[in-house]
Amino acid sequence: MQDDALLVVKDLYINVGSTPIIKAVSLDIMPGEMVGLVGESGSGKSVTALSIMRLLAEPAMQITGGNIRFDGIDVFALNEAALRHLRGENIAMIFQEPMTSLNPVFTIGQQIKEMILLHRDVSNRQASQMAEALLARVGIPAPADALSRYPHQLSGGQRQRVMIAIALACEPRLLIADEPTTALDVTVQAQILGLIDDLRTETGMAVMLITHDLGVVSQHCDKVAVMYCGQIVEFAAADELFLNPQHRYTEA
């Protein structure tokens, strides 16, 4: 683990009841770096990400060991007020399915403004202007009109861009993208991943990209952590991992 890492996960254990589902998971992410967390469905990728945000479904899931530090701060020691500050403002997450993550009864503008007003000392008018600028930044056409639309009135790719806009509203230092291109066609997938890459370059934020697609990882990630049955079986620089995989599962 590197001393100047933005995020350090060390020897993380998570149980459901008495059954361990995450076992001795360790990884680190440097500022501005994109790290791919790869593995098949059920390997523990999303649970690991939720533990970083302290969003596990407790008490069903329990962290039984290990430590997570963000910029030197012990995430497990934070109270609820400090966690609210951490989420959105320092760490943001794009969830797998935007149709279930966006509220169907509120407009896109209302949902982006809610995030801005929660973390920024601005007026309602300023929040509207910031929301419009965010939609323009993520490539939504006619952003002023899009503010008044509801999620069902947008395409899948546009909804995913809205989720990215909400995540970026407070300029987080770490973005966790959990399968951000699920159910999108190949062209839109490339656009969304290109957008995340561009925003990382523009803002200097670090990214944890959760996926099962090694092709995506080879094109976009600096480092790769390979998960299998709740454990990280290999963690290496992306080019090194693809040239010389050390674990049978990675090779397969």
Side-chain angles (χ1 to χ4, degrees), residues 1-40 42-95 172-179 200 204-212 217 221-241 245-250:
M1 298 291 171
Q2 300 184 59
D3 293 339
D4 53 349
L6 180 65
L7 176 76
V8 176
V9 179
K10 190 170 184 182
D11 293 329
L12 180 67
Y13 285 83
I14 299 173
N15 280 22
V16 173
S18 60
T19 306
I21 59 169
I22 297 295
K23 294 162 272 190
V25 163
S26 295
L27 60 87
D28 60 65
I29 302 178
M30 303 296 292
E33 186 173 58
M34 187 181 291
V35 173
L37 187 58
V38 300
E40 59 197 44
S43 61
K45 305 184 301 296
S46 295
V47 172
T48 300
L50 289 170
S51 69
I52 294 167
M53 298 282 283
R54 289 276 305 274
L55 290 173
L56 287 176
E58 299 181 62
M61 291 183 181
Q62 289 284 347
I63 294 167
T64 56
N67 184 258
I68 296 176
R69 301 187 78 83
F70 179 81
D71 199 19
I73 297 167
D74 182 355
V75 173
F76 294 160
L78 298 178
N79 60 27
E80 196 56 43
L83 280 172
R84 281 197 299 271
H85 176 74
L86 180 77
R87 299 177 191 134
E89 198 155 336
N90 283 295
I91 307 175
M93 190 165 178
I94 305 169
F95 295 92
R173 297 171 65 196
L174 172 65
L175 176 67
I176 300 174
D178 189 357
E179 302 274 10
R200 176 171 70 116
M205 71 180 176
V207 179
M208 176 188 279
L209 178 66
I210 300 172
T211 182
H212 55 265
V217 166
C221 293
D222 302 303
K223 292 191 301 198
V224 189
V226 181
M227 285 200 84
Y228 179 67
C229 293
Q231 294 177 290
I232 289 182
V233 296
E234 190 161 357
F235 185 40
D239 52 359
E240 182 185 323
L241 181 127
Q246 297 297 304
H247 195 274
R248 293 191 309 274
Y249 178 70
T250 311

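- Side-chain contact check for Leu6 versus Pro31: some heavy-atom pair is nearer than 4.5 Å.
- Without hydrogens or angle criteria, Arg200 side chain to Val207 main chain gives no donor-acceptor distance under 3.5 Å.
- No donor-acceptor distance shorter than 3.5 angstrom exists from the side chain of Glu33 to the backbone of Ala206, with no hydrogens or angles considered.
- Here the CD1-CZ distance, from Ile29 to Phe70, works out to 9.5 Å after rounding to the nearest 0.5 Å.
- Contact annotation: the side chain of Met208 approaches that of Leu27 to within less than 4.5 Å [non-hydrogen atoms, C-beta and beyond].
- Annotation: salt bridge (Lys or Arg N to Asp or Glu O under 4.0 Å) contacts of Glu80 (sequence neighbours excluded): Arg87.
- Every residue two or more places apart in sequence or in another chain that forms a side chain to side chain contact (heavy atoms under 4.5 Å, CB included) with Glu179 is listed here: Lys45, Gln96, Thr182, Thr211, His212.
- If you take OG on Ser46 and CG on Leu56, they are separated by 11.0 Å, rounding to the nearest 0.5 Å.
- Between Cys221 and Ala238, the closest heavy-atom pair is O-CB, 3.3 Å.
- Looking at heavy atoms from C-beta onward, Leu37 lies in side-chain contact with Met227 at the 4.5 angstrom threshold.
- Heavy-atom minimum distance, Phe76 versus Leu12: CZ-CD1, 3.9 Å.
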**Request:** Please lay out, stage by stage, how Ile176 and Ile94 fare under the test side-chain contact (heavy atoms from CB on, under 4.5 Å).
**Result:** CA-CA 6 Å; Ile176 300 174; Ile94 305 169; over 6 Å; no
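- Taking both residues in full, the closest heavy atoms of Val35 and Asp28 are given as CG2-O, 4.1 Å, listed atom of the first, atom of the second, then distance.
- A heavy-atom distance below 4.5 Å is found between the side chains of Leu86 and Leu78.
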**Request:** Assess whether side-chain contact (heavy atoms from CB on, under 4.5 Å) is satisfied between Leu174 and Asn90, documenting all intermediate values.
**Result:** CA-CA 6 Å; Leu174 172 65; Asn90 283 295; over 6 Å; no
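- Judged by distance alone, with hydrogens and angles left aside, the side-chain atoms of Lys23 form no donor-acceptor pair with the main-chain N or O of Ile14 at under 3.5 Å.
- Contact annotation: the side chain of Ile232 never approaches that of Thr48 to less than 4.5 Å [non-hydrogen atoms, C-beta and beyond].
- To the nearest 0.5 angstrom, Ile68 atom CD1 is 9.0 Å from Asp74 atom CG.
- In this structure, CD on Glu58 lies 10.0 Å from OG on Ser51, to the nearest 0.5 angstrom.
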**Prompt:** Could you go step by step and tell me if Glu234 and Tyr228 meet the side-chain contact (heavy atoms from CB on, under 4.5 Å) rule?
**Reply:** CA-CA 9 Å; Glu234 190 161 357; Tyr228 179 67; over 6 Å; no
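- When side chains are defined from C-beta on, Asn15 does not count as touching Met61, because their heavy atoms never get closer than 4.5 Å.
- The shortest side-chain heavy-atom distance between Val25 and Gln231 does not fall under the 4.5 Å cut-off.
- Rounding to the nearest 0.5 angstrom, the gap separating the CG atom in Asp178 from the CZ atom in Phe95 is 8.0 Å.
- Looking at Leu241 and Lys223, their side chains never come closer than 4.5 Å, going by heavy atoms from C-beta outward.
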**Request:** Give the intermediate values and the outcome of side-chain contact (heavy atoms from CB on, under 4.5 Å) for residues Ile52 and Leu7.
**Result:** CA-CA 9 Å; Ile52 294 167; Leu7 176 76; 3.8 Å; yes
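- Judged by distance alone, with hydrogens and angles left aside, the side-chain atoms of Arg69 form no donor-acceptor pair with the main-chain N or O of Val9 at under 3.5 Å.
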